[in-house]
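Just below is one structure, and these are the notes that go with it.
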Protein chains: 2
Amino acid sequence: MQHNTPERRQQKEQLYRLFAHIGKALANPHRLELLDLLVQAPRTVEELAREANMSVANTSQHLQRLKQARLVMSEREGVHIRYRVADPAVTRLWLELRAVAKQQLAEVERTLDAYRHRRHEFERISADELRVLMRRGEVILLDVRPREEYQAGHLPGAISVPLDELERRLNQLPRDRTVVAYCRGPYCVYADEALELLANHGWRVARLEEGVAEWEQAGYPVERSPHPKP
Amino acid sequence: MQHNTPERRQQKEQLYRLFAHIGKALANPHRLELLDLLVQAPRTVEELAREANMSVANTSQHLQRLKQARLVMSEREGVHIRYRVADPAVTRLWLELRAVAKQQLAEVERTLDAYRHRRHEFERISADELRVLMRRGEVILLDVRPREEYQAGHLPGAISVPLDELERRLNQLPRDRTVVAYCRGPYCVYADEALELLANHGWRVARLEEGVAEWEQAGYPVERSPHPKP
DNA sequence: ACATTATTCAAGTGATCTATTGAACAATAA
DNA sequence: TTATTGTTCAATAGATCACTTGAATAATGT
């Protein structure tokens, strides 16, 4: 029985071409940023363009590559078209890609330190520790991402306080409990900025590195608000 | 506190560029084929070129891109240079990429059916079932990959019978037990070919879809032979 | 030292990718 | 209907990628 006929070769090549199609979708920094945003919450083209600092046309093109590779899907909503991650497996793929990057590129750590230059100032708390403290009611947990991201999914018991609103809402926070903040994940600075403000106002603070995706991937439950119709 | 200064933007972009560097390494079918081979066992450039049907120079170039992205590492062995996967996280990334492809591209299934046109002929057995039957001694488990791949890691209790040797060694197999065969994973045809031969000679046969990487990723133990020096 | 073998390097060409621009299209509101 | 807004399409130019070829390197054996 032959197992290296030209036809076999050709079919094998087609298979790898298909896999590479997904790889190609992951081969551009802008597309990864879009994907990263979509992992947090579904968004329209316009929103994505604004948040990723790209032209709308360019954003649209990149989204279409992601869509071709079936990493994201789109849905019309009146005049808008809302994109979302196509499947939880895509989120896992993205987390795994970042895990490889983190383990293997020392550069990432250096870049990250430059980017989040205050990130070692605050005590860090692990997911396990947080669960214990939350059960005992000893901490307040803040989700400092934009509200839509909170609505798309958040940690159980977390309060939505987008970074912009934090200063205004400081008086709503109990002074006698440690405040834990989280945001999009280890590469996001929102939580650090929130903690700095809180620390300056006298709170005891701690940072959770995990974002919702990492939390869910670790097997912990996530709360989702029903999607509000605009 | 500003969180969207131009410097922040720039640093964020650098971070995504780093991630995209890994994505780019995954953006070519040849590189994925090389990676797939390396997941099975370390190999020299020459071996890889032969098995992937590429020129040596081209293979070398692709390997260097993989190496730049720290997906593989290399080591001199006399005149040869042996490449290997840099880290288990890389294997997980590759499995996750394939999982996304499988879930999302219906084409994969169609291509796969064309490629492994006999794949529905044989009974399939799950990893769990296999473990039970192996414990009871009710099946023989064959690893039909090349011997070096077996040596780099195999399922506990598996016997190495490379496809080429199978016909010659038929008389060593007990006739009264079902033979289960596995190879590189769900996209590999070696096991199917082995099972066809065995079925034609009267054996009861079954196929395990998992390869060693999938098996290990599922949390089951893997046996590794000490590496023989040539 | 010399020849041999495995691998990498360097240069060149055609293919693919990316960002930009301005036009086209689709849904909504006036 | 017409105007408006969000999104996509089409064309283009510059950058990057992929494969080939032939030369350069590095270890080994004579």
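Proteins come first, then strands; the chains are lettered A, B, ... in the order of their sequence lines, and each starts at number 1.
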Taken to the nearest whole Å, CE/B:Met54 to P/D:dT20 is 9 Å
A:Glu46 CD to D:dT5 P, in whole Å, measures 11 Å
Does the pair A:Glu148/A:Arg82 count as a salt bridge with the N-to-O cut at 4.0 Å?
-> no
Checklist entry - Between D:dA18 and B:Asn58, is there an OP1 or OP2 to side-chain N/O distance shorter than 4.0 Å? => result no
B:Arg65 atom CZ is separated from D:dC17 atom C1', nearest whole Å, by 7 Å
Rounded to whole Å, NE2 of B:His62 lies from C1' of D:dT16 at a distance of 14 Å
Rounded to whole Å, CD of A:Gln64 lies from C1' of D:dT7 at a distance of 9 Å
### Query
Below 4.5 Å, heavy atoms only, C-beta onward: do B:Leu166 and B:Leu198 meet side chain to side chain?
yes
Whole-Å distance, A:Ile81 CD1 to D:dT5 C1', equals 13 Å
Paired with B:Arg50, the side chain to side chain contact (heavy atoms under 4.5 Å, CB included) test is passed by just one of B:Met54, B:Glu47, B:Glu46, namely B:Glu47
Separation of D:dA18 atom P from A:Glu13 atom CD, nearest Å, is 15 Å
Hey, does A:Thr59 reach any base, or is it just sugar-phosphate, or nothing, if we go heavy atoms under 4.0 Å? nothing
Of the candidates D:dC17, D:dT8, D:dA26, the side chain of B:Arg76 sits closest to D:dA26
On DNA chain C, more 5' by nearest nucleotide between A:Asn28 and B:Glu47 is B:Glu47
Are a donor atom and an acceptor atom from the side chains of B:Tyr187 and B:Asp36 found within less than 3.5 Å of each other? no
Contacts of B:Tyr150 meeting ring pair (Phe, Tyr, Trp, His ring centres under 6.0 Å) (sequence neighbours excluded), chain-then-number -> B:His154
- Task: Could you tell me whether B:Glu167 atom CD has more than 12 heavy atoms of other residues or ligands within 6.0 Å of it?
- Result: no
Under 3.5 Å, N/O pairs linking protein and nucleotides 11-15 of chain D:
none

Which of B:Leu63, B:Leu66, B:Leu34 passes side chain to side chain contact (heavy atoms under 4.5 Å, CB included) with B:Leu71? It is B:Leu66
Would you call the rings of B:Trp94 and A:Phe19 parallel, tilted or perpendicular if under 30° counts as parallel and over 60° as perpendicular?
perpendicular
- Item | From CA spacing to verdict: side chain to side chain contact (heavy atoms under 4.5 Å, CB included), B:Arg184, B:Glu149 | CA-CA 9 Å; B:Arg184 290 170 176 168; B:Glu149 300 186 11; 2.6 Å; yes
**Touch class at under 4.0 angstrom, heavy-atom based, for B:Ala27 against every strand present** = nothing
Rounded to whole Å, the NZ-P distance (A:Lys24 to D:dC17) equals 12 Å
Taking 4.0 Å as the cut-off, does a side-chain nitrogen or oxygen of A:Tyr83 come that near to OP1 or OP2 on D:dT8? yes
Chain A reaches DNA chain C, atoms under 4.0 Å from its heavy atoms, from C:dC17 to C:dT28
Short side-chain N/O contact to D:dT20 OP1/OP2 from B:Ser55, under 4.0 Å: yes
Heavy-atom closest pair (B:Leu195 atom, B:Ala181 atom, distance to 0.1 Å) is CD2-CB, 3.7 Å
Per atom distances to the B:His30 side chain, the nearest of D:dA27, D:dC19, D:dC17 is D:dC19
